[in-house]
Amino acid sequence: MIEVEHLTKRYGRHLAVDDVSFTCEPGTVTGFLGPNGAGKSTTMRMICGLATPTSGTATVSGVEYRRLGNPGRQIGVLLDASAQHAGRTGRETLALAAVTMGLDTARVPERLRQVGLEGAAARRRVRAYSLGMRQRLGLAYAMIGDPAVLILDEPANGLDPEGIHWMRGLLRGFADRGGTVLLSSHLLREVEVVADRLVMIGGGRVLMQGDKAQLLGAAGTLVRAADPVALDALLDRMGVTGSRCADGGVLVPAGPQSIGQAAAESGVVLLELRAAGSGGLEEMFLRLTAKSELEEVSR
Ligand SMILES: Nc1ncnc2c1ncn2[C@@H]1O[C@H](COP(=O)(O)OP(=O)(O)OP(=O)(O)O)[C@@H](O)[C@H]1O
Ligand SMILES: [Mg+2]
């Protein structure tokens, strides 16, 4: 369980994280989404005791990270894939982590295998690792102490499509066994498949959060008409305000049923009518973040 309450971080005059609150429950993966500079890493660093909050609190299993004894046994953290000592081999990195946590190093080969770094890769120095290999080692490092909670900052960064697929399976399995996962990304599509909940931030603030299925359901309807002007007039009469998507369709905050019905009654020919799903969520997110950037400028 991760509990973040009114977490705020100020760097000089800049509010990097502004009153952020959310909870990550056992058995779930929470996707932590936001564009570059949104405050994802800063929030995660505060949860892990690497940055001191200006105000607010963050606890893991009810305790502040700094107060946890042997934290690696309780929380696995991957904040920076390049944080490992470049001069050590992958195997040495994990062995040292195990020893530090008071664990048997016998588990190391299995863990290396689990992340696809067995054989020659395990004997190479980290300096010679690709970014994807570093991420894999970072995941093994985070999981070596069998923690109940994982906090991963952009772990998919540098992974190839097969690697991303593999990582999703790993995290899903971890959560299904009762683990808690907080996973950040700047791409909705990257976390959408594996996340149960989504927390979206922009400009340091939470813009939207909730159950993934609910958010997808609330993302509205995508409508495209043969005559866009007639569609605009129809939506106007219905009293709903649609917004034009990049692909020319209109995202409407109403259900497909009511729009389809009204279009049929008015003789407006529709070429497309479907629940917006992740496309709608992405549009919504882009709009929300664009708005928060505008506010940022005017502040
Ligand atoms: N040590 C620091 N000193 C000053 N400002 C900082 C510091 N760390 C972060 N910031 C600022 O805080 C804001 C949030 O940064 P953060 O790294 O948390 O964003 P992010 O969401 O992780 O972005 P990205 O997707 O690029 O990783 C940015 O404006 C950044 O410049
Ligand atoms: Mg970051």
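Both counts, for ligands and for their atoms, begin at 1 and track the order of listing. Computed over heavy atoms, backbone and side chain alike; hydrogens, waters and symmetry mates excluded.
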Considering heavy atoms of the protein only, find what lies nearest to atom 23 (O) of ligand 1 and give residue, atom and distance to 0.1 Å.
Gly37 N, 2.7 Å

Quick one, Arg107 with Glu110, criterion salt bridge (charged side-chain N to carboxylate O under 4.0 Å, His left out). Give me CA distance, side-chain angles, the key distance, then yes/no.
CA-CA 6 Å; Arg107 64 173 60 206; Glu110 162 58 22; over 6 Å; no

Below 4.0 angstrom, counting only protein heavy atoms, does anything approach atom 20 (P) of ligand 1?
yes

Touching ligand 1 at all, Pro35? Heavy atoms, strictly under 4.0 Å?
yes

Would you indicate whether the side-chain heavy atoms of Thr30 and Ile2 approach each other to under 4.5 Å?
no

Within less than 2.8 Å of the Mg ion (ligand 2), any N, O or S from Ser41?
yes

Are Val17 and Thr8 side-chain neighbours, meaning at least one heavy-atom pair lies under 4.5 Å?
no

I'd like to check which ligand 1 atoms, numbered from 1 as shown, lie under 4.0 Å from a non-hydrogen atom of Ser41.
17 (O), 18 (O), 20 (P), 22 (O), 27 (O)

Non-hydrogen side-chain atoms of Thr23 and Met1 separated by less than 4.5 Å
yes

Give the residue and atom name of whichever protein heavy atom lies nearest to atom 25 (O) of ligand 1, and the separation in Å to one decimal.
Lys40 NZ, 2.8 Å

Counting both backbone and side chain atoms, is some N or O of His14 under 3.5 Å from an N or O of ligand 1?
yes

Starting from atom 26 (O) of ligand 1, which protein heavy atom do you reach first, and at what distance in Å?
Asn36 ND2, 3.1 Å

Given salt bridge (charged side-chain N to carboxylate O under 4.0 Å, His left out), test Asp80 with Arg45 step by step and report yes or no.
CA-CA 11 Å; Asp80 179 359; Arg45 288 171 57 79; over 6 Å; no

Any ion pair linking Arg177 and Asp146 (charged N to carboxylate O, less than 4.0 Å)?
no

Could you check atom 16 (P) of ligand 1 against the protein and tell me its nearest heavy-atom contact, residue, atom and distance included?
Thr42 OG1, 3.5 Å

Measuring from non-hydrogen atoms of Glu154 to any atom of ligand 1, is the shortest distance under 4.0 Å?
yes

Would you say ligand 1 has an N or O under 3.5 Å from any N or O of Asp153?
no

Evaluate Gly39 for polar contact with ligand 1, using N/O atom pairs at a separation under 3.5 Å.
yes

What is the nearest protein non-hydrogen atom to atom 4 (C) of ligand 1, stated with its residue, atom name and distance?
Tyr11 CG, 3.3 Å

Option from Pro53, Ser55, Ser21 for which side-chain contact (heavy atoms from CB on, under 4.5 Å) with Leu7 holds:
Pro53

Check this for me - ligand 1, His186, N or O atoms closer than 3.5 angstrom, yes or no?
no

Has ligand 1 got any nitrogen or oxygen that is less than 3.5 angstrom from a nitrogen or oxygen of Ala16?
no

Determine whether Val60 and Ile47 make a side-chain contact, defined as any pair of heavy atoms from C-beta on separated by less than 4.5 Å.
yes

Do you know which two heavy atoms are closest between Arg111 and Ala140, and how far apart they sit?
O-CB, 4.2 Å

Are Trp166 and Val115 close enough that some pair of their side-chain heavy atoms sits under 4.5 Å apart?
yes

Going by a strict under-4.0 Å cutoff (protein heavy atoms only), does atom 7 (C) of ligand 1 have a neighbour on the protein?
yes

